[in-house]
Amino acid sequence: MKSSITKLLVITLTGLFLWGCTSTKNSTMLEPSDIAGMIESHQFHFIAEKMNPLRGPQRLLNSYYDLLVSKDTLKSFLPYFGRAFLPPVDPTQGGLQFSSYDFSYAYSKNKKAWNVTIIPKDVTQITKLYFTIFNNGSVSLQVNSISLDPISFQGHLEKVG
């Protein structure tokens with residue numbers, strides 16, 4: 001009797017563990033042609049999953065952080081951990097929260113990835129956003145600033161709209 005209860009308990013706990021390890025993302029796999037279309041049309045949505053501050057360990061992001069790129073708008077809602085040489089006056093504007101309507105956009109392609117460089121011209125804090133977008137839809141983003149330590153993010157692409 002005790003042996004069957006122990007077996008049932010082990011099977012139940014194993015099942016719960018495996019169920020907890022499954023991904024709950026509803027993202028669809030992107031084809032390389034989809035990724036090329038998004039980059040060439042200047043319209044993609046970056047979803048951040050991990051953050052790598054210059055000082056300190058990598059951090060997994062539990063909340064929803066993103067950066068939206070379209071032909072005429074750049075909207076960022078990303079967190080920031082690191083040294084700020086000039087902190088924001090408004091404490092609600094912490095992190096990398098900004099909108100830009102005047103920016104340069106350049107891209108290139110190599111064998112493994114796309115490289116996209118965005119330079120906002122109407123945002124004084126951010127000097128450059130450098131994306132490395134891989135053919136499977138995963139993305140690495142480096143953010144350079146004049147008043148903050150550099151920071152990088154890992155995540156994935158989603159289609160706009």
Side-chain angles (χ1 to χ4, degrees), residues 22-161:
T22 60
S23 176
T24 59
K25 292 180 187 172
N26 292 330
S27 62
T28 58
M29 290 298 294
L30 295 173
E31 296 293 324
S33 61
D34 294 334
I35 294 168
M38 287 189 285
I39 293 168
E40 291 170 352
S41 69
H42 303 201
Q43 293 191 336
F44 60 87
H45 193 191
F46 168 68
I47 308 300
E49 298 167 349
K50 298 176 189 173
M51 172 178 48
N52 294 314
L54 180 66
R55 305 165 200 265
Q58 180 183 61
R59 298 168 190 243
L60 294 175
L61 300 175
N62 299 2
S63 298
Y64 185 81
Y65 294 104
D66 67 336
L67 191 141
L68 179 66
V69 177
S70 64
K71 287 187 181 204
D72 59 352
T73 306
L74 178 65
K75 289 191 178 193
S76 173
F77 182 71
L78 295 171
Y80 181 78
F81 285 89
R83 186 173 179 186
F85 301 101
L86 183 64
V89 176
D90 182 2
T92 64
Q93 295 301 312
L96 301 172
Q97 298 178 34
F98 64 89
S99 294
S100 175
Y101 304 99
D102 183 17
F103 54 91
S104 67
Y105 181 98
Y107 64 90
S108 64
K109 170 95 169 102
N110 61 31
K111 290 182 181 179
K112 295 183 180 182
W114 292 84
N115 297 310
V116 177
T117 304
I118 299 175
I119 300 173
K121 298 176 184 174
D122 56 352
V123 177
T124 57
Q125 183 177 349
I126 305 300
T127 57
K128 186 188 284 188
L129 302 166
Y130 184 76
F131 293 87
T132 303
I133 302 171
F134 298 94
N135 290 329
N136 64 358
S138 64
V139 180
S140 174
L141 167 63
Q142 292 179 304
V143 180
N144 294 336
S145 170
I146 58 171
S147 61
L148 302 170
D149 275 347
I151 190 167
S152 64
F153 297 90
Q154 281 78 46
H156 67 276
L157 279 188
E158 286 185 357
K159 289 184 180 181
V160 176

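A distance of 9.0 Å separates CD1 of I47 from CG of L157, quoted to the nearest 0.5 Å. Put simply, OG1 on T73 and CG on L68 are 7.5 Å apart, with the number rounded to the nearest 0.5 Å. Taken to the nearest 0.5 Å, the CG atom of L141 stands 12.0 Å off from the CE atom of M51. Note that CG of D66 is 11.5 Å distant from CG of L61, once rounded to the nearest 0.5 Å.
Across V123 and S99, no two heavy atoms sit closer than the pair CG2-O, 3.7 Å. The heavy-atom pair separating Y105 from I39 by the smallest distance is OH-O, 2.7 Å. The minimum heavy-atom distance linking V160 with Q43 is given by the pair CG2-C, 3.7 Å. Between K71 and S41 the shortest heavy-atom distance is CE-O, 3.3 Å.
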Given side-chain contact (heavy atoms from CB on, under 4.5 Å), test V116 with I133 step by step and report yes or no. CA-CA 8 Å; V116 177; I133 302 171; 4.0 Å; yes
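Applying the ring pair (Phe, Tyr, Trp, His ring centres under 6.0 Å) definition to pairs two or more places apart or across chains, those involving residues 43-63 are F44-F131. Residues in residues 56-79 take part in these ring pair (Phe, Tyr, Trp, His ring centres under 6.0 Å) pairs, two or more places apart or across chains: Y65-F77.
By the neighbour-count criterion of 12 heavy atoms within 6.0 Å, atom NZ of K50 is sparsely surrounded, having that number or fewer from other residues, nucleotides or ligands.
Contact annotation: the side chain of F153 approaches that of P79 to within less than 4.5 Å [non-hydrogen atoms, C-beta and beyond]. No side-chain heavy atom of F103 sits less than 4.5 Å from a side-chain heavy atom of I119. A heavy-atom distance below 4.5 Å is not found between the side chains of I151 and L54.
Formation of a donor-acceptor pair under 3.5 Å by the S145 side chain with backbone atoms of Q125 is found in this model. The backbone N or O of L96 sits less than 3.5 Å from a side-chain atom of S76, completing a donor-acceptor pair.
Side chains of T127 and N144: a donor-acceptor N/O pair is absent below 3.5 angstrom, by distance only.
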